[in-house]
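Predicted, not measured: the structure shown is a model, and the values here were computed from it. Naming convention: chains lettered A, B, ... in sequence-line order (proteins, then strands); numbering from 1 in each chain.
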There are 2 protein chains.
Amino acid sequence: MADRDTDLNVLAGTEIFRSLPMEIIDEARRLAVRKRLSRREALYHQGDSADSFHIVIVGRLRAIQIAPDGSQVALRYLGPGEMAGYAALAGLATYPGTVSAVEDTHLFSWPTPVIRDLMGKYAQIAINALAVLGSRYQETQTRLRELSTETVERRIAHTLTRLAKQAGRRTAMGIEICFPLSRQDFAELAGTSLHTVSRTLSAWEKDGIVSSSHRYIVIHQPDFLKQIENEAS
Amino acid sequence: MADRDTDLNVLAGTEIFRSLPMEIIDEARRLAVRKRLSRREALYHQGDSADSFHIVIVGRLRAIQIAPDGSQVALRYLGPGEMAGYAALAGLATYPGTVSAVEDTHLFSWPTPVIRDLMGKYAQIAINALAVLGSRYQETQTRLRELSTETVERRIAHTLTRLAKQAGRRTAMGIEICFPLSRQDFAELAGTSLHTVSRTLSAWEKDGIVSSSHRYIVIHQPDFLKQIENEAS
DNA sequence: CGATATTTTGAAAATGTTCAATAGAGGTGG
DNA sequence: CCACCTCTATTGAACATTTTCAAAATATCG
(Lines give C-alpha, C1' and ligand atoms only; values in the text may rest on other atoms or scores of the structure.)
Protein backbone atom coordinates (compact mmCIF):
# COMPACT_ATOMS: atom_id res chain seq x y z
CA MET A 1 0.00 0.00 0.00
CA ALA A 2 2.50 2.62 1.17
CA ASP A 3 5.27 3.10 -1.35
CA ARG A 4 8.93 3.88 -0.89
CA ASP A 5 8.62 7.67 -0.97
CA THR A 6 5.79 7.67 1.54
CA ASP A 7 7.86 5.54 3.89
CA LEU A 8 10.83 7.85 3.47
CA ASN A 9 8.77 10.88 4.30
CA VAL A 10 7.30 9.21 7.31
CA LEU A 11 10.74 8.24 8.62
CA ALA A 12 12.17 11.66 7.89
CA GLY A 13 9.55 13.12 10.19
CA THR A 14 10.34 10.89 13.17
CA GLU A 15 12.22 12.02 16.24
CA ILE A 16 15.01 9.52 15.60
CA PHE A 17 15.69 10.06 11.91
CA ARG A 18 15.04 13.78 11.80
CA SER A 19 17.75 15.87 10.13
CA LEU A 20 19.52 12.94 8.53
CA PRO A 21 20.51 12.75 4.84
CA MET A 22 17.95 10.90 2.75
CA GLU A 23 20.44 8.17 1.79
CA ILE A 24 20.81 7.18 5.41
CA ILE A 25 17.09 7.26 6.02
CA ASP A 26 16.67 5.07 2.98
CA GLU A 27 19.22 2.63 4.34
CA ALA A 28 17.24 2.46 7.57
CA ARG A 29 14.02 2.01 5.59
CA ARG A 30 15.44 -0.94 3.67
CA LEU A 31 16.37 -2.63 6.95
CA ALA A 32 12.98 -2.02 8.56
CA VAL A 33 10.27 -4.58 9.06
CA ARG A 34 6.66 -3.50 8.90
CA LYS A 35 4.39 -4.61 11.75
CA ARG A 36 0.74 -4.27 12.66
CA LEU A 37 -0.94 -4.55 16.03
CA SER A 38 -4.63 -4.78 16.75
CA ARG A 39 -6.21 -2.94 19.65
CA ARG A 40 -5.04 -4.45 22.97
CA GLU A 41 -2.35 -6.55 21.33
CA ALA A 42 1.06 -6.44 23.01
CA LEU A 43 4.22 -5.36 21.18
CA TYR A 44 6.39 -6.83 23.92
CA HIS A 45 6.20 -7.68 27.60
CA GLN A 46 8.13 -6.46 30.59
CA GLY A 47 11.09 -8.77 31.13
CA ASP A 48 11.27 -9.99 27.50
CA SER A 49 14.71 -9.84 25.98
CA ALA A 50 15.09 -6.43 24.31
CA ASP A 51 15.52 -7.63 20.78
CA SER A 52 13.95 -4.91 18.73
CA PHE A 53 13.31 -1.25 18.33
CA HIS A 54 10.16 0.33 16.91
CA ILE A 55 8.64 3.48 15.54
CA VAL A 56 4.91 4.15 15.47
CA ILE A 57 3.58 5.03 12.03
CA VAL A 58 -0.12 5.28 12.77
CA GLY A 59 -2.05 4.44 15.91
CA ARG A 60 -1.12 4.65 19.55
CA LEU A 61 0.80 2.54 22.05
CA ARG A 62 0.77 2.50 25.80
CA ALA A 63 3.84 1.69 27.91
CA ILE A 64 3.20 0.44 31.42
CA GLN A 65 5.21 -1.02 34.23
CA ILE A 66 3.74 -3.77 36.35
CA ALA A 67 4.68 -4.36 39.99
CA PRO A 68 5.22 -7.85 41.38
CA ASP A 69 1.84 -7.52 43.11
CA GLY A 70 0.05 -6.77 39.85
CA SER A 71 -0.62 -3.07 40.25
CA GLN A 72 0.57 -0.96 37.36
CA VAL A 73 1.51 2.55 36.28
CA ALA A 74 1.35 4.03 32.82
CA LEU A 75 4.78 5.22 31.76
CA ARG A 76 3.81 6.86 28.53
CA TYR A 77 1.51 6.93 25.51
CA LEU A 78 3.23 6.86 22.13
CA GLY A 79 1.83 8.35 18.96
CA PRO A 80 2.96 8.55 15.32
CA GLY A 81 6.66 9.29 14.87
CA GLU A 82 7.55 8.26 18.41
CA MET A 83 9.88 5.42 19.29
CA ALA A 84 9.22 2.37 21.45
CA GLY A 85 11.81 0.04 22.92
CA TYR A 86 14.51 2.43 24.08
CA ALA A 87 15.99 -0.55 25.92
CA ALA A 88 17.21 -1.83 22.57
CA LEU A 89 19.06 1.43 21.93
CA ALA A 90 20.48 1.63 25.42
CA GLY A 91 21.78 -1.92 25.40
CA LEU A 92 19.59 -3.05 28.27
CA ALA A 93 19.11 -6.79 28.34
CA THR A 94 15.36 -6.79 28.84
CA TYR A 95 12.41 -4.45 28.36
CA PRO A 96 11.62 -2.59 31.58
CA GLY A 97 7.92 -2.32 30.73
CA THR A 98 5.11 -3.73 28.65
CA VAL A 99 3.95 -1.95 25.50
CA SER A 100 0.62 -2.61 23.84
CA ALA A 101 -1.70 -1.01 21.34
CA VAL A 102 -4.46 1.33 22.48
CA GLU A 103 -5.87 1.33 18.97
CA ASP A 104 -4.90 -0.49 15.78
CA THR A 105 -1.31 0.49 15.11
CA HIS A 106 1.25 0.29 12.32
CA LEU A 107 4.96 0.25 13.11
CA PHE A 108 8.40 -0.03 11.63
CA SER A 109 10.70 -2.33 13.54
CA TRP A 110 14.40 -3.06 13.53
CA PRO A 111 16.23 -5.89 15.26
CA THR A 112 18.46 -4.55 18.03
CA PRO A 113 21.78 -5.36 16.31
CA VAL A 114 20.61 -3.58 13.16
CA ILE A 115 19.64 -0.34 14.87
CA ARG A 116 22.75 -0.39 17.03
CA ASP A 117 24.86 -0.90 13.95
CA LEU A 118 23.17 2.09 12.31
CA MET A 119 23.94 4.20 15.37
CA GLY A 120 27.58 3.12 15.26
CA LYS A 121 27.84 4.11 11.59
CA TYR A 122 25.88 7.34 11.84
CA ALA A 123 26.51 9.12 15.13
CA GLN A 124 23.66 11.53 14.43
CA ILE A 125 21.15 8.73 14.98
CA ALA A 126 22.63 8.07 18.40
CA ILE A 127 22.62 11.79 19.13
CA ASN A 128 18.96 12.05 18.14
CA ALA A 129 18.17 9.07 20.33
CA LEU A 130 19.97 10.80 23.17
CA ALA A 131 17.80 13.86 22.69
CA VAL A 132 14.62 11.81 22.81
CA LEU A 133 15.70 9.81 25.82
CA GLY A 134 16.87 12.96 27.55
CA SER A 135 13.57 14.71 27.22
CA ARG A 136 11.63 11.63 28.30
CA TYR A 137 13.94 11.26 31.27
CA GLN A 138 13.36 14.85 32.20
CA GLU A 139 9.64 14.41 31.96
CA THR A 140 9.78 11.35 34.18
CA GLN A 141 11.87 13.21 36.74
CA THR A 142 9.25 15.92 36.78
CA ARG A 143 6.48 13.39 37.27
CA LEU A 144 8.49 11.88 40.10
CA ARG A 145 8.70 15.24 41.79
CA GLU A 146 5.01 15.88 41.30
CA LEU A 147 4.15 12.49 42.75
CA SER A 148 6.40 13.20 45.73
CA THR A 149 5.28 16.68 46.57
CA GLU A 150 1.93 17.56 45.07
CA THR A 151 -1.68 16.88 45.97
CA VAL A 152 -3.72 14.57 43.79
CA GLU A 153 -5.76 17.39 42.31
CA ARG A 154 -2.67 19.21 41.08
CA ARG A 155 -1.21 16.01 39.70
CA ILE A 156 -4.38 15.35 37.78
CA ALA A 157 -4.19 18.86 36.34
CA HIS A 158 -0.55 18.32 35.33
CA THR A 159 -1.39 14.97 33.79
CA LEU A 160 -4.15 16.50 31.72
CA THR A 161 -1.96 19.37 30.54
CA ARG A 162 0.74 16.90 29.57
CA LEU A 163 -1.74 14.73 27.69
CA ALA A 164 -3.01 17.78 25.86
CA LYS A 165 0.53 18.58 24.75
CA GLN A 166 1.27 15.03 23.65
CA ALA A 167 -2.03 14.02 22.14
CA GLY A 168 -4.26 17.06 22.06
CA ARG A 169 -6.34 17.99 19.06
CA ARG A 170 -7.72 21.51 18.77
CA THR A 171 -11.44 21.56 18.18
CA ALA A 172 -14.14 24.18 18.32
CA MET A 173 -14.96 23.14 21.87
CA GLY A 174 -11.38 23.16 23.14
CA ILE A 175 -8.55 20.64 23.21
CA GLU A 176 -9.55 17.02 22.90
CA ILE A 177 -7.37 14.11 24.00
CA CYS A 178 -7.34 12.20 20.77
CA PHE A 179 -7.43 8.61 21.97
CA PRO A 180 -9.73 6.68 24.33
CA LEU A 181 -8.72 6.90 27.96
CA SER A 182 -10.75 5.44 30.79
CA ARG A 183 -10.76 6.78 34.36
CA GLN A 184 -8.64 3.78 35.30
CA ASP A 185 -6.12 4.56 32.55
CA PHE A 186 -5.99 8.15 33.67
CA ALA A 187 -5.48 7.11 37.28
CA GLU A 188 -2.52 4.95 36.27
CA LEU A 189 -0.95 8.01 34.64
CA ALA A 190 -1.60 10.36 37.51
CA GLY A 191 -0.71 7.93 40.26
CA THR A 192 -4.04 7.81 42.04
CA SER A 193 -7.27 5.82 42.11
CA LEU A 194 -9.90 5.89 39.40
CA HIS A 195 -12.39 7.18 41.98
CA THR A 196 -10.40 10.27 42.76
CA VAL A 197 -9.98 10.95 39.05
CA SER A 198 -13.70 10.62 38.54
CA ARG A 199 -14.53 12.93 41.46
CA THR A 200 -12.01 15.53 40.34
CA LEU A 201 -13.09 15.55 36.70
CA SER A 202 -16.73 15.74 37.77
CA ALA A 203 -15.99 18.79 39.89
CA TRP A 204 -14.12 20.43 37.02
CA GLU A 205 -16.91 19.59 34.63
CA LYS A 206 -19.29 21.41 36.96
CA ASP A 207 -17.03 24.48 36.66
CA GLY A 208 -16.88 24.21 32.87
CA ILE A 209 -13.13 23.57 32.83
CA VAL A 210 -13.38 20.21 31.08
CA SER A 211 -16.03 17.86 29.81
CA SER A 212 -15.90 14.18 29.17
CA SER A 213 -17.98 11.52 27.59
CA HIS A 214 -17.15 7.85 27.88
CA ARG A 215 -13.36 7.62 27.56
CA TYR A 216 -12.90 10.94 25.82
CA ILE A 217 -11.91 14.18 27.49
CA VAL A 218 -12.09 17.74 26.19
CA ILE A 219 -10.35 20.62 27.91
CA HIS A 220 -12.31 23.85 27.63
CA GLN A 221 -10.21 26.09 29.83
CA PRO A 222 -6.52 25.13 29.77
CA ASP A 223 -5.74 28.27 31.79
CA PHE A 224 -7.79 27.07 34.75
CA LEU A 225 -5.78 23.88 34.77
CA LYS A 226 -2.56 25.84 34.83
CA GLN A 227 -3.94 27.80 37.72
CA ILE A 228 -4.75 24.64 39.68
CA GLU A 229 -1.24 23.34 38.96
CA ASN A 230 0.26 26.35 40.67
CA GLU A 231 -2.15 26.78 43.54
CA ALA A 232 -0.75 26.90 47.06
CA SER A 233 -0.91 23.46 48.61
CA MET B 1 49.10 17.09 41.01
CA ALA B 2 47.52 14.29 39.01
CA ASP B 3 49.54 13.59 35.89
CA ARG B 4 48.45 12.68 32.40
CA ASP B 5 48.47 8.91 32.87
CA THR B 6 46.46 9.08 36.06
CA ASP B 7 43.85 11.21 34.32
CA LEU B 8 43.71 8.81 31.41
CA ASN B 9 43.14 5.87 33.70
CA VAL B 10 40.45 7.71 35.56
CA LEU B 11 38.63 8.61 32.34
CA ALA B 12 39.02 5.12 30.94
CA GLY B 13 37.11 3.84 33.95
CA THR B 14 34.12 6.15 33.57
CA GLU B 15 30.74 5.09 32.26
CA ILE B 16 31.02 7.47 29.31
CA PHE B 17 34.53 6.75 28.06
CA ARG B 18 34.61 3.06 28.83
CA SER B 19 35.77 0.82 25.99
CA LEU B 20 37.16 3.63 23.84
CA PRO B 21 40.64 3.64 22.25
CA MET B 22 43.19 5.50 24.40
CA GLU B 23 43.81 8.11 21.68
CA ILE B 24 40.22 9.22 21.86
CA ILE B 25 40.21 9.28 25.65
CA ASP B 26 43.35 11.37 25.49
CA GLU B 27 41.67 13.78 23.08
CA ALA B 28 38.82 14.15 25.56
CA ARG B 29 41.28 14.61 28.40
CA ARG B 30 43.05 17.43 26.58
CA LEU B 31 39.75 19.22 26.12
CA ALA B 32 38.67 18.78 29.74
CA VAL B 33 38.70 21.44 32.40
CA ARG B 34 39.40 20.46 35.98
CA LYS B 35 37.00 21.76 38.62
CA ARG B 36 36.66 21.55 42.38
CA LEU B 37 33.62 22.02 44.56
CA SER B 38 33.52 22.39 48.31
CA ARG B 39 30.85 20.73 50.41
CA ARG B 40 27.44 22.33 49.75
CA GLU B 41 28.70 24.29 46.74
CA ALA B 42 26.48 24.12 43.64
CA LEU B 43 27.74 22.87 40.27
CA TYR B 44 24.73 24.38 38.52
CA HIS B 45 21.17 25.40 39.24
CA GLN B 46 17.86 24.25 37.86
CA GLY B 47 16.96 26.48 34.95
CA ASP B 48 20.53 27.55 34.15
CA SER B 49 21.47 27.22 30.50
CA ALA B 50 22.95 23.74 30.01
CA ASP B 51 26.41 24.79 28.96
CA SER B 52 28.59 22.04 30.31
CA PHE B 53 28.95 18.39 31.00
CA HIS B 54 30.80 16.86 33.95
CA ILE B 55 32.30 13.69 35.34
CA VAL B 56 32.94 13.14 39.03
CA ILE B 57 36.53 12.18 39.83
CA VAL B 58 36.37 12.07 43.62
CA GLY B 59 33.62 13.10 45.99
CA ARG B 60 29.87 13.00 45.66
CA LEU B 61 27.16 15.14 44.10
CA ARG B 62 23.46 15.32 44.72
CA ALA B 63 20.93 16.13 41.99
CA ILE B 64 17.61 17.54 43.14
CA GLN B 65 14.57 19.05 41.55
CA ILE B 66 12.80 21.93 43.25
CA ALA B 67 9.09 22.62 42.87
CA PRO B 68 7.75 26.14 42.42
CA ASP B 69 6.56 25.98 46.05
CA GLY B 70 10.05 25.18 47.34
CA SER B 71 9.65 21.52 48.19
CA GLN B 72 12.22 19.25 46.64
CA VAL B 73 13.01 15.68 45.67
CA ALA B 74 16.40 14.05 45.34
CA LEU B 75 16.85 12.73 41.81
CA ARG B 76 20.15 10.98 42.31
CA TYR B 77 23.48 10.87 44.11
CA LEU B 78 26.55 10.76 41.87
CA GLY B 79 29.86 9.19 42.80
CA PRO B 80 33.26 8.79 41.11
CA GLY B 81 33.08 7.95 37.42
CA GLU B 82 29.48 9.07 37.06
CA MET B 83 28.32 11.87 34.80
CA ALA B 84 26.41 15.02 35.67
CA GLY B 85 24.63 17.33 33.27
CA TYR B 86 22.96 14.91 30.87
CA ALA B 87 21.01 17.91 29.58
CA ALA B 88 24.18 19.02 27.79
CA LEU B 89 24.39 15.67 25.98
CA ALA B 90 20.72 15.57 25.15
CA GLY B 91 20.65 19.07 23.74
CA LEU B 92 18.20 20.39 26.31
CA ALA B 93 18.34 24.14 26.66
CA THR B 94 18.45 24.28 30.46
CA TYR B 95 19.31 22.00 33.37
CA PRO B 96 16.20 20.29 34.72
CA GLY B 97 17.62 20.12 38.26
CA THR B 98 20.16 21.53 40.65
CA VAL B 99 23.40 19.67 41.36
CA SER B 100 25.59 20.36 44.36
CA ALA B 101 28.39 18.73 46.31
CA VAL B 102 27.61 16.52 49.30
CA GLU B 103 31.32 16.42 50.13
CA ASP B 104 34.36 18.08 48.59
CA THR B 105 34.41 16.98 44.98
CA HIS B 106 36.78 16.99 42.00
CA LEU B 107 35.41 16.95 38.47
CA PHE B 108 36.30 17.05 34.83
CA SER B 109 34.14 19.37 32.77
CA TRP B 110 33.58 19.97 29.08
CA PRO B 111 31.68 22.81 27.45
CA THR B 112 28.54 21.52 25.74
CA PRO B 113 29.74 22.15 22.16
CA VAL B 114 32.96 20.28 22.89
CA ILE B 115 31.33 17.15 24.25
CA ARG B 116 28.72 17.18 21.50
CA ASP B 117 31.43 17.50 18.90
CA LEU B 118 33.21 14.51 20.42
CA MET B 119 29.99 12.50 20.24
CA GLY B 120 29.56 13.47 16.60
CA LYS B 121 33.09 12.29 15.77
CA TYR B 122 33.05 9.16 17.89
CA ALA B 123 29.65 7.49 17.88
CA GLN B 124 30.73 5.15 20.66
CA ILE B 125 30.67 8.04 23.11
CA ALA B 126 27.08 8.80 22.18
CA ILE B 127 26.25 5.11 22.45
CA ASN B 128 27.80 4.92 25.90
CA ALA B 129 25.87 8.01 26.92
CA LEU B 130 22.71 6.34 25.66
CA ALA B 131 23.45 3.32 27.85
CA VAL B 132 23.89 5.49 30.93
CA LEU B 133 20.82 7.57 30.26
CA GLY B 134 18.83 4.44 29.49
CA SER B 135 19.61 2.81 32.78
CA ARG B 136 18.95 5.99 34.74
CA TYR B 137 15.67 6.39 32.91
CA GLN B 138 14.74 2.86 33.77
CA GLU B 139 15.60 3.42 37.41
CA THR B 140 13.48 6.56 37.49
CA GLN B 141 10.56 4.72 35.91
CA THR B 142 10.85 2.09 38.61
CA ARG B 143 10.88 4.74 41.33
CA LEU B 144 7.83 6.28 39.74
CA ARG B 145 6.03 2.99 39.92
CA GLU B 146 7.06 2.44 43.51
CA LEU B 147 5.88 5.90 44.46
CA SER B 148 2.56 5.25 42.74
CA THR B 149 1.79 1.85 44.11
CA GLU B 150 3.78 0.99 47.22
CA THR B 151 3.49 1.81 50.89
CA VAL B 152 6.03 4.09 52.48
CA GLU B 153 7.75 1.28 54.34
CA ARG B 154 8.39 -0.68 51.17
CA ARG B 155 9.63 2.44 49.40
CA ILE B 156 12.06 3.11 52.20
CA ALA B 157 13.32 -0.46 51.90
CA HIS B 158 13.75 -0.06 48.12
CA THR B 159 15.53 3.24 48.59
CA LEU B 160 17.95 1.72 51.04
CA THR B 161 18.67 -1.26 48.79
CA ARG B 162 19.29 1.08 45.88
CA LEU B 163 21.60 3.27 47.95
CA ALA B 164 23.51 0.18 49.03
CA LYS B 165 24.00 -0.79 45.40
CA GLN B 166 25.09 2.70 44.34
CA ALA B 167 27.14 3.76 47.34
CA GLY B 168 27.46 0.79 49.64
CA ARG B 169 30.74 -0.22 51.24
CA ARG B 170 31.11 -3.70 52.67
CA THR B 171 32.29 -3.65 56.27
CA ALA B 172 32.50 -6.20 59.04
CA MET B 173 29.16 -5.00 60.37
CA GLY B 174 27.30 -5.05 57.06
CA ILE B 175 26.89 -2.62 54.17
CA GLU B 176 27.49 1.01 54.99
CA ILE B 177 26.16 3.89 52.89
CA CYS B 178 29.42 5.67 52.29
CA PHE B 179 28.35 9.31 52.43
CA PRO B 180 26.48 11.37 54.99
CA LEU B 181 22.71 11.28 54.60
CA SER B 182 20.29 12.90 57.01
CA ARG B 183 16.75 11.71 57.65
CA GLN B 184 15.60 14.70 55.61
CA ASP B 185 17.86 13.73 52.70
CA PHE B 186 16.61 10.18 52.88
CA ALA B 187 13.01 11.36 52.90
CA GLU B 188 13.60 13.38 49.75
CA LEU B 189 14.85 10.22 48.05
CA ALA B 190 12.04 7.99 49.23
CA GLY B 191 9.27 10.51 48.70
CA THR B 192 8.07 10.78 52.26
CA SER B 193 8.59 12.87 55.40
CA LEU B 194 11.67 12.77 57.61
CA HIS B 195 9.47 11.66 60.50
CA THR B 196 8.28 8.55 58.77
CA VAL B 197 11.84 7.70 57.77
CA SER B 198 12.94 8.10 61.37
CA ARG B 199 10.13 5.95 62.71
CA THR B 200 10.73 3.24 60.14
CA LEU B 201 14.48 3.08 60.62
CA SER B 202 14.01 3.03 64.40
CA ALA B 203 11.71 0.06 64.10
CA TRP B 204 14.18 -1.74 61.85
CA GLU B 205 17.01 -0.93 64.21
CA LYS B 206 15.04 -2.61 66.99
CA ASP B 207 14.86 -5.70 64.81
CA GLY B 208 18.58 -5.58 64.05
CA ILE B 209 18.05 -5.07 60.31
CA VAL B 210 19.92 -1.76 60.17
CA SER B 211 21.70 0.59 62.50
CA SER B 212 22.42 4.24 62.14
CA SER B 213 24.40 6.90 63.84
CA HIS B 214 24.06 10.52 62.91
CA ARG B 215 23.79 10.65 59.11
CA TYR B 216 25.36 7.25 58.50
CA ILE B 217 23.43 4.06 57.94
CA VAL B 218 24.62 0.47 58.05
CA ILE B 219 22.54 -2.39 56.70
CA HIS B 220 23.04 -5.56 58.70
CA GLN B 221 20.46 -7.77 57.04
CA PRO B 222 19.96 -6.90 53.37
CA ASP B 223 17.75 -9.97 53.01
CA PHE B 224 15.21 -8.63 55.47
CA LEU B 225 14.97 -5.48 53.39
CA LYS B 226 14.32 -7.52 50.26
CA GLN B 227 11.63 -9.34 52.16
CA ILE B 228 9.95 -6.09 53.18
CA GLU B 229 10.13 -4.90 49.57
CA ASN B 230 8.12 -7.90 48.45
CA GLU B 231 5.67 -8.16 51.29
CA ALA B 232 1.98 -8.22 50.51
CA SER B 233 0.61 -4.71 50.76
C1' DC C 1 30.33 24.18 77.22
C1' DG C 2 27.12 26.58 74.62
C1' DA C 3 24.90 26.79 70.21
C1' DT C 4 23.06 24.62 66.32
C1' DA C 5 21.51 20.80 63.73
C1' DT C 6 19.55 16.36 63.77
C1' DT C 7 16.64 12.76 65.50
C1' DT C 8 13.01 10.71 68.07
C1' DT C 9 8.37 10.14 69.56
C1' DG C 10 3.47 11.14 70.61
C1' DA C 11 -0.97 12.86 69.27
C1' DA C 12 -4.01 15.23 66.16
C1' DA C 13 -5.41 16.06 61.59
C1' DA C 14 -5.94 15.39 56.76
C1' DT C 15 -5.77 13.51 52.37
C1' DG C 16 -6.88 9.72 49.63
C1' DT C 17 -8.13 4.97 49.36
C1' DT C 18 -11.10 1.28 49.82
C1' DC C 19 -15.53 -0.62 50.00
C1' DA C 20 -20.14 -0.75 48.40
C1' DA C 21 -23.86 0.28 45.72
C1' DT C 22 -26.02 2.54 41.79
C1' DA C 23 -26.24 4.53 37.35
C1' DG C 24 -25.09 4.95 32.61
C1' DA C 25 -23.10 3.79 28.00
C1' DG C 26 -22.05 0.69 24.24
C1' DG C 27 -22.12 -3.36 21.95
C1' DT C 28 -24.31 -7.87 20.61
C1' DG C 29 -27.47 -11.08 19.29
C1' DG C 30 -32.21 -12.47 19.08
C1' DC D 1 -34.76 -2.49 16.92
C1' DC D 2 -34.85 -3.62 21.45
C1' DA D 3 -33.31 -6.23 25.50
C1' DC D 4 -29.66 -7.72 27.79
C1' DC D 5 -25.04 -7.93 29.29
C1' DT D 6 -20.69 -5.99 30.21
C1' DC D 7 -17.69 -2.41 30.91
C1' DT D 8 -17.24 2.19 32.63
C1' DA D 9 -18.35 5.98 35.61
C1' DT D 10 -20.34 8.23 39.67
C1' DT D 11 -21.01 9.00 44.45
C1' DG D 12 -21.34 8.27 49.53
C1' DA D 13 -19.31 6.64 53.76
C1' DA D 14 -15.96 4.25 56.51
C1' DC D 15 -11.32 3.49 57.03
C1' DA D 16 -6.25 3.77 56.79
C1' DT D 17 -1.97 5.59 56.03
C1' DT D 18 0.85 9.14 56.35
C1' DT D 19 1.56 13.95 57.28
C1' DT D 20 1.60 17.74 60.19
C1' DC D 21 2.28 19.80 64.54
C1' DA D 22 4.62 19.97 68.86
C1' DA D 23 8.05 19.01 72.11
C1' DA D 24 11.88 16.81 73.97
C1' DA D 25 16.19 14.37 73.49
C1' DT D 26 20.57 13.66 71.43
C1' DA D 27 24.60 14.68 68.81
C1' DT D 28 28.06 17.53 66.64
C1' DC D 29 30.90 21.47 66.15
C1' DG D 30 33.36 25.47 67.25
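If you check the side chains of Gln65(A) and Gln72(A), you find no donor sitting under 3.5 Å from an acceptor.
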Pairs under 3.5 angstrom only: tabulate donor-acceptor contacts from the side chains of residues 213-228 of chain B to other protein residues two or more places apart or in another chain.
| unit_1 | atom_1 | unit_2 | atom_2 | d |
| --- | --- | --- | --- | --- |
| His220(B) | ND1 | Met173(B) | O | 2.6 |
| His220(B) | NE2 | Ser211(B) | OG | 2.8 |

Could you pull out every donor-acceptor pair under 3.5 Å between side chains of residues 43-50 of chain A and any protein atom, sequence neighbours left out?
| unit_1 | atom_1 | unit_2 | atom_2 | d |
| --- | --- | --- | --- | --- |
| Tyr44(A) | OH | Gly85(A) | N | 3.1 |
| Gln46(A) | OE1 | Ile66(A) | N | 2.8 |
| Gln46(A) | NE2 | Ile66(A) | O | 3.1 |
| Asp48(A) | OD2 | His45(A) | N | 2.9 |

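Comparing the end axes of the helix from dC1(C)-dG30(D) to dG30(C)-dC1(D), each fitted to five base pairs by superposing C1' atoms of four pairs onto the next four, gives an inter-axis angle of 40° (nearest 10 degrees).
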Would you tabulate the nitrogen or oxygen pairs shorter than 3.5 Å linking the protein to nucleotides 6-13 of chain D?
| unit_1 | atom_1 | unit_2 | atom_2 | d |
| --- | --- | --- | --- | --- |
| dA9(D) | OP1 | Arg215(A) | N | 3.4 |
| dA9(D) | OP2 | Arg183(A) | N | 2.8 |
| dT10(D) | OP2 | Arg183(A) | NE | 2.8 |
| dT10(D) | OP2 | Arg183(A) | NH2 | 3.4 |
| dT10(D) | OP2 | Ser198(A) | OG | 2.7 |
| dT10(D) | O5' | Ser198(A) | OG | 3.3 |
| dT11(D) | OP2 | Ser202(A) | OG | 3.2 |
| dG12(D) | N7 | Arg199(A) | NH1 | 3.0 |
| dG12(D) | O6 | Arg199(A) | NH2 | 3.4 |

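Between the CZ atom of Phe186(A) and the P atom of dG16(C) there is a distance of 15 Å, rounded to whole Å. Rounded to an integer number of Å, the gap from Glu150(B) CD to dA16(D) P is 21 Å. To the nearest angstrom, P of dT6(C) lies 14 Å from CD1 of Ile217(B).
A search for side chain to side chain contact (heavy atoms under 4.5 Å, CB included) contacts involving Thr200(A) returns Glu153(A), Ile156(A), Thr196(A), Trp204(A), not counting sequence neighbours. Partners of Ser100(B) by side chain to side chain donor-acceptor pair (under 3.5 Å), not counting sequence neighbours: none found.
Remark: of the listed residues His54(B), Gln166(B), Arg76(B), Arg76(B) is the sole one forming a side-chain contact (heavy atoms from CB on, under 4.5 Å) with Glu82(B).
At a threshold of 4.0 angstrom between heavy atoms, the contacts of Thr192(A) are confined to the sugar-phosphate backbone, with no base atom among them.
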CA sep, side-chain torsions, deciding dist, call: Arg155(B), Glu150(B), side-chain contact (heavy atoms from CB on, under 4.5 Å): CA-CA 6 Å; Arg155(B) 276 180 357 236; Glu150(B) 298 191 339; 4.2 Å; yes
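To the nearest 0.5 Å, the span separating OG1 on Thr192(B) from CZ on Phe186(B) amounts to 10.0 Å.
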